[in-house]
Amino acid sequence: MYESILVHIPHAVPATDFNNWSNPCSVKQEADKWTAAHIDVVSRDPKNRVQFLKATRSRYVVDMERLKDDPMEAQGQGIIYTMSKDGKSRRTVSDSERKSLMEQYDRYHERLHSLTAKEGTLIIDAHSYPSEYDEAGNASGEDVDVCIGFNDDSSRPPDSVINTVKSHFANANYKVGINKPFANSIVGAEGTHSIMIELNKRIYINEQTLDLRPDAYKLNYFIADLYTKLLK
């Protein structure tokens with residue numbers, strides 16, 4: 001199907017420095033919940049056929065997946081977070097720090113576009129989310145194990161690709177949501193297709209300890225097998 005795959009991992013790095021937050025304990029708990037812990041581990045390719053782009057800073061420092069002029073900026077959750085999701089903690093960011101972080105953001109996106117400039121490249125946008133999250137942002141996400149997301153634009157993969165990814169998980173008895181509970185996927189260079197694969201954390205980690213489940217290696221092999229199906 002594709003000549004190359006770039007696995008994009010923007011949210012796997014844990015937050016460790018909360019000195020600039022008004023309520024460090026509260027925001028740490030939130031950051032642990034919304035960090036895609038170990039998604040880089042279960043996304044590895046033992047055969048080294050795919051490329052990876054992984055952010056080196058926590059999303060609570062600079063979120064490489066947010067857009068410039070992102071609507072989430074109004075909630076203090078744009079590229080540079082200034083407010084926790086629960087509204088209990090504010091972050092102070094100096095002008096010099098903001099400038100430095102935006103420079104890092106720009107370099108990251110230059111790298112993203114460089115890695116996806118080759119014709120026939122598919123981006124797999126790799127994420128995970130807490131099991132308590134549902135389509136409305138409330139209650140439990142028990143109904144979805146794997147969320148597949150894509151954009152309604154030229155980066156949308158063909159139906160055959162979407163169905164291949166969906167069937168790969170559904171045939172293994174994972175409950176699949178299409179653009180539910182999350183939608184969209186990061187955009188690379190012009191002409192590049194992009195698909196998000198977002199795992200419910202309960203299928204591969206212990207959400208209390210953030211440790212990998214003992215059987216997580218099986219999920220890694222399973223995802224690597226998907227790479228085989230998607231590559232020519």
Do S84 and S89 have side-chain N/O donor and acceptor atoms under 3.5 Å apart? no

Over 60° means perpendicular and under 30° means parallel, so tell me whether H113 and H109 are parallel, tilted or perpendicular. tilted

Report yes if the distance between the aromatic ring centroids of Y108 and H8 is under 6.0 Å, otherwise no. yes

Short question: side chain of R91, backbone of Y60 - any donor-acceptor pair under 3.5 Å? yes

Any donor and acceptor pair, going by atom type alone, linking the side chain of E3 with main-chain N or O of K232 inside 3.5 Å? no

Could you pull out all donor-acceptor pairs under 3.5 Å where a side-chain atom in residues 222-229 meets a protein atom, sequence neighbours excluded?
from : atom 1 : to   : atom 2 : distance (Å)
Y227 : OH     : S43  : O      : 2.6
T228 : OG1    : R49  : NH1    : 2.5
K229 : NZ     : H168 : ND1    : 2.9

Within the side chain of D125, is there an N or O that forms a donor-acceptor pair under 3.5 Å with the backbone of H127? no

Do Y81 and R66 come close enough that some side-chain heavy atom pair is under 4.5 Å? yes

For residues T192 and K118, determine if any side-chain heavy atom of one lies less than 4.5 Å from a side-chain heavy atom of the other. no

Taking all atoms of both residues into account, what is the closest heavy-atom pair of S194 and I186, and its distance? OG-O, 2.5 Å

Answer whether the closest heavy-atom distance between the side chains of V161 and Y2 falls below 4.5 Å. yes

Exam field: side chain N220 to backbone R44, donor-acceptor pair closer than 3.5 Å: yes

Side chains of C147 and M196, heavy atoms from C-beta outward: is any pair under 4.5 Å? yes

Which heavy atom of D63 sits nearest to which heavy atom of G78, and what is that distance? CB-O, 4.0 Å

With distance as the sole criterion, is a donor-acceptor pair present between the side chains of T121 and S4 under 3.5 Å? yes

So, taking the atom named CD in Q51 and the one named CG in L115, what distance separates them when rounded to the nearest 0.5 Å? 5.0 Å

To the nearest 0.5 Å, tell me how far I79 CD1 sits from Q104 CD. 12.0 Å

I'd like to know if the side chain of N206 reaches the main chain of T209, judged simply by a donor and an acceptor atom lying under 3.5 Å from each other, with no hydrogens or angles considered. yes

S128 (side chain) donor-acceptor with K201 (main chain) under 3.5 angstrom: no

ILVMFWY cluster, V41 and Y129 together (side-chain gap under 4.5 Å): no

What verdict does the side chain to side chain contact (heavy atoms under 4.5 Å, CB included) test give for R202 and D145, after you've listed the backbone C-alpha separation in whole Å, the side-chain angles of each residue and the deciding distance to 0.1 Å? CA-CA 8 Å; R202 69 167 183 263; D145 296 315; 2.5 Å; yes

So does R156 pair up with D152, basic N to acidic O under 4.0 Å? no

Side chain S131, main chain N200, donor-acceptor under 3.5 Å: no

For the side chain of N179 and the backbone of F150, is there at least one donor-acceptor N/O pair under 3.5 Å apart? yes

Are L101 and R57 close enough that some pair of their side-chain heavy atoms sits under 4.5 Å apart? yes

What are the two closest heavy atoms between A55 and V13, and how far apart are they? O-CG2, 3.1 Å

Minimum heavy-atom distance S185-I195, with the two atoms named: OG-C, 3.3 Å

Please determine whether residues L231 and I162 belong to a single hydrophobic cluster, defined as Ile, Leu, Val, Met, Phe, Trp and Tyr linked transitively by side-chain heavy-atom distances below 4.5 Å. yes

Output, in order, the C-alpha distance, side-chain angles, deciding distance and verdict of side chain to side chain contact (heavy atoms under 4.5 Å, CB included) for M64 and V62. CA-CA 6 Å; M64 298 302 184; V62 53; 3.8 Å; yes

Could you list all the ring-ring contact (aromatic ring centres under 6.0 Å, His included) pairs where at least one residue sits in residues 12-53, not counting sequence neighbours? W34-Y133

Would you give the length of the straight line joining atom OG of S94 to atom CG of N20, rounded to the nearest 0.5 angstrom? 8.0 Å

For the residue pair I197 and V165, what are the closest heavy atoms and their distance? CD1-CG1, 4.0 Å

L212 vs V42 side-chain heavy atoms within contact, under 4.5 Å: yes

Could you see if Y217 belongs to whatever hydrophobic cluster contains V7? Use Ile, Leu, Val, Met, Phe, Trp, Tyr and a side-chain cutoff under 4.5 Å. no

Heavy-atom pair with the smallest gap, counting every atom of F169 and V176: CB-CG2, 3.8 Å

Do E198 and V144 have side chains that get closer than 4.5 Å, going by heavy atoms? no

When hydrophobic residues are tied together by side-chain contacts of less than 4.5 Å, even through go-betweens, does Y105 share a cluster with I80? yes

Quick check for you: to the nearest 0.5 Å, what is the distance between C25 atom SG and E30 atom CD? 13.5 Å

Can you list the steps and then say if D95 with K99 is a salt bridge (charged side-chain N to carboxylate O under 4.0 Å, His left out)? CA-CA 6 Å; D95 290 343; K99 179 181 178 182; over 6 Å; no

Set of residues satisfying side-chain hydrogen bond (donor to acceptor under 3.5 Å, both in side chains) with respect to E97, sequence neighbours excluded: none

For D86 and K88, indicate whether the former's side chain and the latter's backbone hold a donor-acceptor pair under 3.5 Å. yes

Atom pair CG/NE2 of L230 and H193 - distance to nearest 0.5 Å: 12.5 Å

Can you tell me how far the CE atom of M72 sits from the CG atom of L67, to the nearest 0.5 Å? 11.5 Å

Contact between K68 and M102 at the side-chain level, heavy atoms closer than 4.5 Å - yes or no? yes

With a cut-off of 6.0 Å (strictly less than), are more than 12 heavy atoms of other residues, nucleotides or ligands near CG of D69? no

Without swapping roles, check the side chain of S114 against the backbone of E110 for a donor-acceptor pair under 3.5 Å. no

Cluster check I178, I123: I/L/V/M/F/W/Y, side chain < 4.5 angstrom: no

